[in-house]
Amino acid sequence: MKLFKPLTLLLFVGFILTSCAETSSEVKVKDMTELASAIDNAQPGDVIVMSNGVWKNAEIEFVANGLANNPIVLKAETAGEVSIEGQSYLKIAGQFLEVRDLYFKNGYTPINSVIQFKKDKKNAAYDCKVINCVIENFTQLDRTKKDHWVEFWGQRNELRSCYIAGKSNNGPTVRAELKGNQHANCYHVIADNYFGPRPRRGGPRGETMQLGDSYTSMVPSYIQVKNNLFYECNGEVEIISSKTNYNSFSNNVFYKCEGSLVLRHGNYASIDSNWFIGDDNSNNIGGIRVINTGHWITNNYFYNLKGKEFRSPLAVMNGIPKSPQNRYNQVTDVVVAHNTWMNCETPLQFSVGSNVDKIDVLPKSEIRSALPIRTTIANNIIYGSGSDVLKFHDKQGDILFQNNYVNAEVNFKGFIASEIQVENDKALVPLVGMKDKSADLFDGFNFASIKTDIFSNGRSKNQAGAICSEQFDVMQVFDFNKYGASWFSPNNKNHKANKITVKSSKELYEALANTNNGDTILLDAEVFELEKPLEIVKSVVIASPSENKSNVTFVASDIETALILGPGVDLHLKNVSLKGNKNMNCMMPDMHNMSIASNVFVENCEIQDFKSIYKSIKGSFADKIQVLNSSMSNLSSGFIVNSEVDAKGDYNVEFLILKNNQIDNIKNEFVDFYRGGYDESTIGGNFVFENNKVKNAGKTGSKEILLQTHGIINVHILDNNFSSIKSGMVAKLWGEKNNLESGNVIQGNSKIVTEEFLTQKLMY
């Protein structure tokens, strides 16, 4: 009798498990009706297989309940061959569900997210996973419309091994929501993903990842962001915006990303063993920006970063005393230990954002005067920055510097000149470490918890910096192939560019209609008379085949715009003469589709007799407009990029670059480049006006401005010659920002004025 009960129980459990296994099934579905039915009838262990092909306008609601050891799986028949297109989305709600191998492309979501871990307010996801999926260019046609591509709700959900890239519209790519107790203490995991290029957005609200918001910033979340690649995530100054408590960021690679990992709100974050890798072609690549309390920043490696202030390699900010919840809390009790900075410009910057000199311009609630306190900077290595290692934007505050090693003399307590050796210097990221393996270290409170280095080597023989090893030559920083969906390669879309020669207007229109991205159209005739606009729908070069410029004249009086730029195109004009009439604009974005930024490159061209050269539309964005070695004459205006008038920090072009040009007979302003709204973390756009000759230009009046750059952060007006300028001012610069003028010659009474503090409308 003693054996009966255990034996009976064992047989019963075996029967239950066998029964569960027998009821599990694989169901193949070919349309939305069959898919909905399969989901409604799904039992733990079932696998729902979506047939290969295009699923257009698919509104998928995956609502079911699996078991921990028997999840319900929704997957593609073949990984990557189930395309979710058109106006589509996926909602996940219930428990122990998995989604695998889907490909979102050629469309956009009609709701507020592409993949959402909830069905509605009452039904969220718990212990669910999205694995090995791709979301590529699934962006709204209107880039001002807000959505999130992946939206976390519930608890213990995962995004793993996915490729996500190309979001151009308003809103973070990935967003974690914590509104309500059922979403707090969520322990989500975001791991092994490849976050590909996110283009510049032209203002705020372009994060790649946002974890919570200011109103849930005191909520504990414990989100893990680990082993991800962030590549060219340039949407805005914040790549990741952490806004909740106890989040951890480990073993991620930030490669050529024009922004920073920002501890924006919330406390007690752990940032350990990440790589921040810069690029010689950009001065906007940052590292970590620190706000709030209790963060530990350890074992990170910063290489070739040139960002300044908000984009500094390490930016420790000033706070606002008694800060409102959505502003800047004081930095306290932060530890920055065992990190390495190599070839970074002024790697350590403190009291970033201090604005005590603007008390007459800003309200008291905006004055960042609270210095960092109880913060420790210890056992770090800084190589290749010379003596320009640290900068204070205010008083020092209560910061302890101990046993930081530098390969130069630094006249500041806590920094020690020492011999630092460079290994594998031909690698993508050279590695540096102490030559003296027994150099003294600071033993601070809880420093014993730093037990491994960036490569997970043990610290039994401890050293300063991120690397504690003698085998540098066998260490690989990262491999593109280990991130993202296993079946997807983002680099397999190369196209061989062709050259197409056209001899008539008809052939020119036909060539544009049939061109492929990157093709060159050669204008092999002296004159092209055009009676309708040129619609640029693919990236193209339009050029004359010889030094003699081909004349492209728009002869129809009803043409409003000569060249209409489609989304995502690069237009190159070389050695061409464009002529219009005073009633038409030369270039404008397509007002019906402004989803992706366009670019304009003009070199050695003549542009004359237009209403404007380039005119923006609200919601449009150009990443770069560049005109070099060209002449522009007989124009009403030049570059009118002033359509964002809502004072939300947005603007219409990131880089407007005009160099070595001849500019003559301009009736009104030549440039009107506008960004409205006070947002200190928006640090664009960029205007360069250099070595140009300008005459007979501007609207008459003492308050008129020839080059208007209201609210633009980076303005360089250098080595130009101005004559017969009718406007009272050539330019009005914003002195507190990066607005510079030098070497300009102005003949006559016009002038360049600097206004130190610009009063702007607060965005908050």
Side-chain angles (χ1 to χ4, degrees), residues 12-105 107 109-135 150-162 182-183 188 485 487:
F12 177 73
V13 171
F15 172 76
I16 293 297
L17 293 175
T18 304
S19 299
C20 289
E22 288 176 352
T23 59
S24 299
S25 64
E26 181 173 296
V27 180
K28 188 174 181 180
V29 297
K30 64 178 184 297
D31 57 35
M32 286 299 299
T33 301
E34 291 184 1
L35 175 58
S37 177
I39 292 171
D40 287 343
N41 294 292
Q43 299 298 316
D46 284 358
V47 178
I48 303 170
V49 180
M50 298 175 68
S51 296
N52 290 347
V54 175
W55 291 63
K56 194 164 186 179
N57 300 332
E59 299 181 355
I60 304 171
E61 294 189 353
F62 187 21
V63 182
N65 287 288
L67 298 173
N69 62 346
N70 237 5
I72 301 172
V73 178
L74 173 64
K75 59 176 287 189
E77 178 183 359
T78 305
E81 294 190 23
V82 171
S83 299
I84 312 296
E85 303 187 13
Q87 297 186 46
S88 299
Y89 61 81
L90 167 65
K91 292 184 177 182
I92 304 168
Q95 196 168 18
F96 298 112
L97 308 176
E98 293 184 11
V99 176
R100 295 176 175 269
D101 308 331
L102 303 182
Y103 190 3
F104 291 83
K105 64 177 182 177
T109 176
I111 60 174
N112 66 317
S113 53
V114 179
I115 297 176
Q116 181 174 284
F117 284 92
K118 74 168 185 177
K119 177 187 176 184
D120 50 41
K121 290 182 179 180
K122 295 182 179 180
N123 297 279
Y126 299 86
D127 304 290
C128 296
K129 300 177 182 180
V130 173
I131 305 170
N132 212 38
C133 293
V134 170
I135 309 176
V150 179
E151 192 171 274
F152 280 91
W153 296 84
Q155 295 175 329
R156 301 177 302 280
N157 298 311
E158 298 185 15
L159 179 72
R160 282 189 180 270
S161 301
C162 294
Q182 69 272 37
H183 308 294
H188 299 313
W487 51 267

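Because the structure is a prediction, the values reported are computed rather than measured. Computed from heavy atoms alone, side chains included, the values below leave out hydrogens, waters and symmetry copies.
Residue Leu159 comes nearest to Phe152 through the heavy atom pair CB-CZ, 3.7 Å, listed as atom of the first residue, atom of the second, then distance. For the residue pair Val73 and Phe62, the shortest heavy atom distance occurs at C-CZ, 4.4 Å. Across all their heavy atoms, Gly94 and Cys128 have their closest contact at O-SG, 3.9 Å. For the pair Lys28 and Ser51, the tightest heavy-atom approach, listed with the atom from each and the gap, is CE-OG, 3.4 Å.
One finds the CG atom of Asn157 at 8.5 Å from the CD atom of Gln155 (value rounded to the nearest 0.5 Å). With values rounded to the nearest 0.5 angstrom, Ile115 atom CD1 is found 6.5 Å from Ile92 atom CD1. The distance from atom CZ of Arg100 to atom SG of Cys162, rounded to the nearest 0.5 Å, is 10.0 Å. Expressed to the nearest 0.5 Å, how far CD1 of Ile48 lies from OG of Ser25 amounts to 8.5 Å. Distance check: Glu59 CD to Lys91 NZ gives 8.5 Å after rounding to the nearest 0.5 Å. Remark: Asn65 CG to Phe96 CZ distance equals 9.5 Å, nearest 0.5 Å.
Residue-environment remark: NZ (Lys75) stays at or below the threshold of 12 foreign heavy atoms within 6.0 Å.
Remark: side-chain polar atoms of His188 are not paired, donor with acceptor, to backbone N or O of Glu158 under 3.5 angstrom. Remark: the backbone N or O of Ala58 is paired with a side-chain donor or acceptor of Ser88 at under 3.5 angstrom. The closest donor-acceptor contact from the side chain of Asp46 to the backbone of Gln43 lies under 3.5 Å. Although no hydrogens or angles enter the test, the distance criterion places no donor-acceptor pair under 3.5 Å between the side chain of Asn132 and the main chain of Ala79. Of the possible polar contacts, none joining the Ser113 side chain to the Val150 backbone as a donor-acceptor pair under 3.5 Å is found. Judged purely by atom type and a 3.5 angstrom limit, Ser161 has no side-chain atom pairing as donor or acceptor with the backbone of Ala485. Remark: side-chain polar atoms of Glu81 are not paired, donor with acceptor, to backbone N or O of Asn52 under 3.5 angstrom.
Applying the side-chain hydrogen bond (donor to acceptor under 3.5 Å, both in side chains) rule to Gln95 yields the partners Asp127; only residues at least two apart in sequence or on another chain are considered.
Side-chain atoms of Gln116 and Thr109, non-hydrogen and from C-beta on, never get closer than 4.5 Å to each other. Annotation: side chain of Asn123 is not in contact with side chain of Glu61 (no heavy-atom distance under 4.5 Å). When side chains are defined from C-beta on, Lys129 does not count as touching Arg160, because their heavy atoms never get closer than 4.5 Å. For the pair Ile84 and Leu90, the minimum side-chain heavy-atom distance is 4.5 Å or more. Proximity of Val130 to Phe117: side-chain heavy atoms (C-beta onward) are separated by under 4.5 Å at one or more points. Side-chain contact between Glu85 and Lys105 is present, with at least one heavy-atom pair separated by less than 4.5 Å.
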Pair Leu74-Met50, side chain to side chain contact (heavy atoms under 4.5 Å, CB included): steps then yes or no: CA-CA 8 Å; Leu74 173 64; Met50 298 175 68; 3.8 Å; yes

Report the C-alpha distance between Leu35 and Trp55 in whole Å, list the side-chain angles of each, state the deciding distance to 0.1 Å, and finish with yes or no for side chain to side chain contact (heavy atoms under 4.5 Å, CB included). CA-CA 11 Å; Leu35 175 58; Trp55 291 63; 4.2 Å; yes

What's the verdict on side chain to side chain contact (heavy atoms under 4.5 Å, CB included) for Glu151 and Val114, showing C-alpha distance, side-chain angles and the deciding distance? CA-CA 8 Å; Glu151 192 171 274; Val114 179; over 6 Å; no

